[in-house]
Structure formats: C-alpha cells, structure tokens
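Below: one structure, written as structure tokens.
Note that ligands are numbered from 1 as they come in the structure, with each ligand's atoms numbered from 1 the same way. Remember, predicted model here, so these are calculated numbers, not experimental data.
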Amino acid sequence: MRFLIFGDVVGAPGRAAVSAALPALREEFSPDSVIINIENIAHGSGISPATMQEALAWRADAYTSGDHAWDNKKGLPLLSDPHIPLIRPANYPTGVPGRGYLTYTSGAWRVAVINLQGQVFFKNDPDNPFHALDRLLEMEDIRQADMILVDFHSEATSEARAFGWHADGRVSAVWGTHTHVPTADAQVLPGGTGYISDAGMQGAHHSVIGASRALVQSFLTQLKMKFDVEENGPLEVNAVVIDVDPRSGHATDIQQVRRVFARD
Ligand SMILES: [Fe+2]
Ligand SMILES: [Fe+2]
C-alpha cells in the first residue's frame with residue numbers, strides 16, 4: 001500500500017501549491033492514501049472553516065496538525081467534528097479540543113494515523129511523546145490496525161530521530177513536520193519503519209519557512225515580528241511516498257518528493 005504524505009501547508013501559497021501539484025503527483029505515484037498536515041493552512045496559523053473546506057477537496061484520508069492547531073478560534077469546532085478526519089497532537093492534557101489519532105479503512109486494510117508533538121524547543125510543554133506513543137500502541141483500535149503511521153511534529157532533528165528509533169518496528173512510518181524544511185534523511189529503519197525527520201512544507205519558495213523575507217528584520221533587531229505569509233513568487237511542494245506491506249505493517253520503501261514551480 002502506498003501513502004503520499006505532505007508536511008505543513010502554509011497559507012494561501014501552500015493551498016495553491018497543493019491544489020496545483022496534487023493531481024499530477026497522484027498520477028505519477030498512484031498513492032492508495034494521502035495524508036496532509038494543515039496546522040498553518042489559514043494565513044500561516046491554524047485552521048479556519050473555509051480553509052478546511054479547501055483541504056477536504058484534496059480528498060486526503062487524514063489531516064494532521066501540530067502546535068498551531070488551535071490558533072484559529074473559528075476553527076476549533078473542526079477539531080472535535082467526528083465527520084472531519086482532522087487530528088492534533090495526542091500528547092496534550094485531557095479537555096483540550098480535538099483528538100490525537102484516527103483510523104480509517106483503505107481497501108481491505110485498516111490504517112491508524114497518530115499525531116504527536118515533540119518537547120524540545122517548544123514554548124509549551126506537552127506530555128512526553130515517547131511514553132505517549134507506548135500508551136497509544138496499547139489501545140484496542142490502534143492495535144487492530146494493519147498499518148500505523150505517525151506524524152511527529154517536532155523542532156529538533158535529534159528528538160525526531162530518537163523518536164524514529166523508539167518507534168522502529170512498531171509502526172509503519174514516522175515523518176516529521178513543523179520545521180517546514182525537508183531533511184535529506186529518508187530511510188527505512190531496520191525494524192521496518194519508514195522514516196524522515198521532516199517532510200517539509202507546501203508554500204512560498206522565496207520565503208522564511210513560508211513567511212515573508214521581511215522576517216530578516218526580526219533577526220537584525222531581536223524584536224518579535226508577526227509571521228506574514230509570503231504571497232508572491234514560485235511555490236514549493238514537499239512530500240514523501242512511503243510503501244508499506246500491509247501484511248507485515250512494515251515499510252518497504254520511502255522516497256522524497258520536492259517540486260518547485262511558478263504559480264499560474
Ligand atoms: Fe508548521
Ligand atoms: Fe508546528
């Protein structure tokens with residue numbers, strides 16, 4: 001079974017990039033299932049009802065997110081809507097809107113998708129994601145899945161790689177999101193887990209992780225600046241294609257996809 005998995009969609013350029021590239025990527029790779037991280041889909045921060053509708057038109061089986069999942073207040077009900085296949089990191093306290101995993105069927109196979117957030121270099125302090133994974137893998141509906149996939153939303157590549165080893169052999173795939181920069185370390189770990197530290201973003205190619213280059217000022221002055229989405233210039237799309245043998249639940253291949261193109 002083949003999964004096509006995208007990292008963070010950043011604002012309108014990110015939405016335009018996915019809408020432009022997805023049909024051709026579906027044609028090229030023939031994925032059985034598509035998963036997309038949409039934590040930055042609304043103006044670079046959170047998920048709004050209108051941008052969720054746009055994302056649903058992509059017909060992904062699961063939409064993952066991260067620390068920005070709750071930023072758009074109008075979008076909060078989306079996180080708890082049982083009809084929308086949207087998840088947020090599982091390792092947040094009880095009572096926080098949303099759910100940390102979902103399951104779906106693809107053909108004859110059951111798939112579970114888990115979202116977890118790292119702890120290193122975040123301003124908040126979610127539960128330890130390593131222990132959280134151990135607990136999630138004990139849950140009945142996740143145990144029954146033929147394939148378990150994890151969006152690990154983290155800043156530090158060291159934490160992501162350690163998490164990959166922690167998960168190796170117990171899940172089909174772990175891909176990083178959050179940094180918006182694709183890493184060149186896609187590999188199938190020895191236990192059979194397809195892994196990459198960060199899949200990378202969908203958004204403006206001439207940008208600072210999707211934001212306007214005006215953000216340079218923030219580094220020159222040490223003053224905080226708003227994350228203004230870069231609206232102009234070429235687009236980039238970053239994803240991974242992961243092949244999994246559904247009988248064993250083990251990944252057999254992972255390949256990176258990166259496309260840079262002018263917008264129409
Ligand atoms: Fe992000
Ligand atoms: Fe994030």
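Atom ND1 is the N/O/S atom of H178 found closest to the Fe ion (ligand 2). The atom of E39 that is an N, O or S and sits closest to the Fe ion (ligand 2) is OE2. Nearest to the Fe ion (ligand 2), among the N, O or S atoms that D67 has, is OD1.
Taking backbone and side chain together, D8 holds no N, O or S atom under 2.8 Å from the Fe ion (ligand 2). For the Fe ion (ligand 1), the N/O/S atoms of M201 include none lying under 2.8 Å.
Counting non-hydrogen atoms of neighbouring residues, nucleotides and ligands closer than 6.0 angstrom, the CD atom of E231 exceeds 12 such neighbours.
Centroid-to-centroid, the aromatic rings of H178 and F122 come within less than 6.0 Å.
Residues S197 and D185 bring a donor and an acceptor atom of their side chains to less than 3.5 Å of each other. Donor-acceptor pairing under 3.5 Å is lacking for the side chains of Y92 and T94.
Not one N or O on the side chain of Q255 forms a donor-acceptor pair closer than 3.5 Å with the backbone of A186.
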